[in-house]
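Reviewing the structure listed below.
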There are 2 protein chains.
Amino acid sequence: MGRPREFDTDRAVHGAMEIFWRNGYVATNLPDLLNAMGLTRGSFYKAFKDKETAYLAALDRYDEAVVSKAVQALETCESDDPETCFSVLFSSSKDVRRGCFICNAMVELGPDNPSVAQKANAMAERLRKAILGVLVKRDVVGSAKNAVTTADLILHLYFGHQAIGKGGENLGDWQTHLHGLLGQN
Amino acid sequence: MGRPREFDTDRAVHGAMEIFWRNGYVATNLPDLLNAMGLTRGSFYKAFKDKETAYLAALDRYDEAVVSKAVQALETCESDDPETCFSVLFSSSKDVRRGCFICNAMVELGPDNPSVAQKANAMAERLRKAILGVLVKRDVVGSAKNAVTTADLILHLYFGHQAIGKGGENLGDWQTHLHGLLGQN
DNA sequence: GGCATTAGGAACCAATTGGTACAATACAAA
DNA sequence: TTTGTATTGTACCAATTGGTTCCTAATGCC
């Protein structure tokens, strides 16, 4: 009962994700956020409590959409070569200079917002596990402990790659990185 | 001639560096910035053009102080073990959750502010060169090209480490990372 | 058709934003 | 001591900030 929604909630959250992802939390003001979400103030504050809640929803959306897609790609990767599987993490970086939302959120709000830090950590953990899965499935590293360390290393490399990518030039050759990293184990 | 400065410029820029480093650019408002720098509005806008100029000065200060110190530590490292030398990059991370200013600046302003991006890239380049120096000096990697790649890899690892560090838990074991990375070359 | 309930949208809000104007002040040179 | 010059601090500014109010509009249920 009541008047039906005129906006698509999924689409709105997706818009929020895109602009927060690109511009960060503080640098995104309400008018721009509203525009990106395709709704007006009234609807916004009815559907979401405040700006922070919308940001957290955007993080969840990123988890469902981007992270899940990456995890799935890693899990279902058919190649025997782990580098080929990991390319999904590194290739789509130079396009829009938005980096990785997890990394952005950690850097901007990690120390001051426990909810954000927790969500970001959870997503990072999902990635870490998926990376580990690729390694153990192909038995690419000797001991199990070694695999865990290598997975963690690749995750850190990924975040560093994304961070440096936002700075512009000199992205580094991730293929050679991975090759050097995995070729000798 | 004229009334003499009552504040120490070096100390003011240092204060700006500290608060920008910890809180970022947008999240730092004028009152807090002024307080951190130990001066009032009038003096601030006489000595610096605006907030952005102060931020760029803070970046330069970071270059002179923090980056130079790290570079020097890497260059003058006496140990035969590269891991020991690199520990200067990774150890002081968990203390204040401020991360690495270069990484923070890249993530927050890299895509939108060319001056910031350029300064951040220049500092990253200095670090990269110093890391490379540690490697070649000890002949820890076979070919020169391999050394360059490994140095780049360590730099990326460093940024990722700093970014994840701001998110809190699960910092990862950088010692094992480095050991696995260098032990097999 | 009335009624309850919800969404939409504009007007409005106090607080804060970065930045400016200007008068008071403190020094050096004359 | 006067004068010129630079710094200081406060009062002030318009614009923007995130958020609220409130009236209108649109639906389902009786």
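As the structure is a computational prediction, the values presented were derived from the model and not from experiment. A note on names: the letters A, B, ... follow the listed sequences, proteins ahead of strands, and every chain is numbered from 1.
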Is a side-chain donor-acceptor pair under 3.5 Å present for Thr53(A) with Asp50(A)?
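Yes.
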Go through the side-chain N and O atoms of Glu52(A) and Asn113(A) and say whether any donor and acceptor fall under 3.5 Å apart.
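Yes, Asn113(A) and Glu52(A) have a side-chain donor paired with an acceptor closer than 3.5 Å.
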Nucleotide [N], atom [atom2] - distance to [atom1] of [X] in whole Å:
X        : N       : atom1 : atom2 : answer
Glu6(A)  : dT24(D) : CD    : P     : 17 Å
Lys46(B) : dG19(C) : NZ    : P     : 15 Å
Asp8(A)  : dA7(C)  : CG    : P     : 15 Å
Leu30(A) : dG9(C)  : CG    : P     : 15 Å
Asn35(A) : dG9(C)  : CG    : C1'   : 15 Å
Phe44(B) : dG9(D)  : CZ    : P     : 15 Å
Leu39(A) : dA10(C) : CG    : P     : 13 Å
Leu34(B) : dT7(D)  : CG    : P     : 16 Å

For Gly2(B) and Asp50(B), find the nucleotide of DNA chain C closest to each by heavy atoms; which residue's nucleotide sits nearer the 5' end?
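Residue closer to the 5' terminus by nearest nucleotide: Asp50(B).
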Could you say whether Met1(B) or Glu52(B) is positioned toward the 5' end of DNA chain C, judged by the nucleotide with the nearest heavy atom to each?
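Per heavy-atom nearest nucleotide, the more 5' residue is Glu52(B).
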Please determine, for the side chain of [X], which listed nucleotide ([options]) has the closest atom?
X        : options                  : value
Pro4(A)  : dA26(D), dG8(C), dG18(C) : dA26(D)
Ser43(A) : dT7(D), dG8(C), dG19(C)  : dG8(C)
Arg41(B) : dA7(C), dT20(D), dT20(C) : dT20(C)
Thr40(A) : dG18(C), dT17(D), dG9(C) : dG9(C)
Asn29(B) : dT17(C), dT27(D), dA7(C) : dT17(C)
Tyr45(B) : dG18(D), dG18(C), dT8(D) : dG18(C)
Arg5(A)  : dA7(C), dT7(D), dG19(C)  : dA7(C)

Classify the side chain of Arg3(A) and the base of dT6(C) as holding, or not holding, a donor-acceptor pair under 3.5 Å.
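Per atom types, no contact qualifies.
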Stepwise salt bridge (charged side-chain N to carboxylate O under 4.0 Å, His left out) check, Asp81(A) with Arg138(A)
CA-CA 8 Å; Asp81(A) 179 18; Arg138(A) 284 158 192 79; over 6 Å; no
Side-chain contact, heavy-atom cut-off 4.5 Å: Ile102(A) with Leu127(A)?
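Yes, side chains in contact.
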Give the ring-plane orientation class for Trp21(A) versus Phe101(A), where under 30° counts as parallel, over 60° as perpendicular and anything between as tilted.
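Parallel: the ring planes of Trp21(A) and Phe101(A) meet at under 30°.
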Looking for any heavy atom pair under 4.0 Å, which part of the strands does Lys51(A) touch: base, sugar-phosphate only, or nothing?
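Counting heavy atoms under 4.0 Å across all strands, the contact made by Lys51(A) is with sugar-phosphate only.
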